[in-house]
Protein chains: 2
Amino acid sequence: MLASVNASKNSAASLICTVDVVLLTLRERQLELLLLQREREPFAGAWALPGGYVHPQEDQDCEDAARRVLQHKLGLASPYLEQLASFSGPARDPRGWSVSVAYVALVPPPSGPLPLGQWRAVDRLPQLPFDHGRIVATALERVRNKSQYSSLPLHLCGEAFTLPELQAVYETLMGEPINPVSFRRKMDELGTLEPIPGAKRADGPHRPAQLFRRKAGREQGLGLLGRVINSG
Amino acid sequence: MLASVNASKNSAASLICTVDVVLLTLRERQLELLLLQREREPFAGAWALPGGYVHPQEDQDCEDAARRVLQHKLGLASPYLEQLASFSGPARDPRGWSVSVAYVALVPPPSGPLPLGQWRAVDRLPQLPFDHGRIVATALERVRNKSQYSSLPLHLCGEAFTLPELQAVYETLMGEPINPVSFRRKMDELGTLEPIPGAKRADGPHRPAQLFRRKAGREQGLGLLGRVINSG
């Protein structure tokens, strides 16, 4: 037992600890994922999730490391971020036994290209290195599932949006149409939205629709529903 | 940028990677947690979550490490186990910057004491070392929340149980009474239970109640509901 403990203390030093971020946005009813081209081995030149080593000297925790990666590599200051899961083992990284703490980040549709990286439709991704394909699959399942009962999709919207626009975001994530009356009731129940006084947006041939925003103080957390949206 | 990468490669070697397990059972309408007395510094003598270093030579991933800890330290072969979250940072472990991948494990009420460790009611826990108090709080929130819409509580039951017994488990986790008719409907909807042919159990003055078990092949996964149980 003692020998085993000592061995583990020594071998603990050889572990690799990284963070990876599944950064998502939604444009024209298409969920998109940001990929960065790797500069170094392993997999130099491959398109992969943004990520990197944890820096113990500067990171307060793994979330802090993920935010640093998004800030330094992509110039993103404070996207919505939540921990997804850890992925680990001897084979996922050719450099050795590794643990990656993976995060999901959501941003509104970017107004222009990011300094680095490419947005790719999540259903037309290239082969990804490491176990990034598995991380992406886990992230998409989480986001789609959580969209059924929470305000998570709000983080894919800009500062102001109409209810039909928001409904389209939910529908894209859930992959099926939602009854508009039921949708409005669910948004009321969530309690995270408020109308912007006097602000409307014309939407095709219809009369201008009221613009909404997240309530002050509700920018980061999630509202949760007691029932999934489609069951209403 | 290059300097930063090199620094991180060096410093990655000084990270500590551990697993911790929140092992829960439920007895007499009381959720209980297993604590082990620590043999070594830091916090020698303190009661803490079962856990330990990842062993890269033998563990296939962090879940494998958690199962090894439960097997070696507690003699538990294959409890229900799910990843909870990672907890990390410079201050949570006095030995240095650390990442702990935490798991929740559920077991039926043990028939006897474990070789090591003590079961403690979750609402009467001692002060715990490291950030184990935070890990426990996160685990309890996860288990209580997930009980509202899944078959998770089944893993706290033995191989055979009556519906009233199972309902009592759900009620303890959710902290409120459930309508029995609604509860039966939800269990039907989950589809994870089947009656044991000819098996009944007497329950006080009532007529003997049908015994149920998990369906073959449904021992590990979770059934999920579209609505939380109490909303029915």
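Values reported hereafter were calculated over all heavy atoms of this structure, with side chains retained and with hydrogens, waters and symmetry mates removed. Sequence lines set the chain letters: A, B, ... in the order given, protein chains first and strands last, and positions in each chain run from 1.
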task = Could you give me the CA-CA distance, side-chain angles and deciding distance for V99(B) and C62(A), then say whether side chain to side chain contact (heavy atoms under 4.5 Å, CB included) is met?
result = CA-CA 8 Å; V99(B) 180; C62(A) 288; 4.0 Å; yes

request  = Quick one: do D61(B) and F87(A) satisfy side chain to side chain contact (heavy atoms under 4.5 Å, CB included)? Show the steps, please.
outcome  = CA-CA 8 Å; D61(B) 53 26; F87(A) 296 81; over 6 Å; no

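- L15(A) places a side-chain heavy atom less than 4.5 Å from the side chain of V54(B).
- By the 6.0 Å contact criterion, CD on E141(B) is open, its count of non-hydrogen atoms from other residues, nucleotides or ligands being 12 or less.
- No more than 12 heavy-atom neighbours from other residues, nucleotides or ligands sit within 6.0 angstrom of CZ on R134(A).
- Looking at W97(A), its side chain does come within 3.5 Å of a backbone N or O of D59(B) through a donor-acceptor pair.
- Only the side chain of Q83(A) comes within contact range of chain B, judged by heavy atoms closer than 4.5 Å.
- By the neighbour-count criterion of 12 heavy atoms within 6.0 Å, atom CZ of R184(A) is sparsely surrounded, having that number or fewer from other residues, nucleotides or ligands.
- Among the candidates G52(B), A85(B), A91(B), the residue making the largest number of heavy-atom pairs closer than 4.5 Å to chain A is A85(B).
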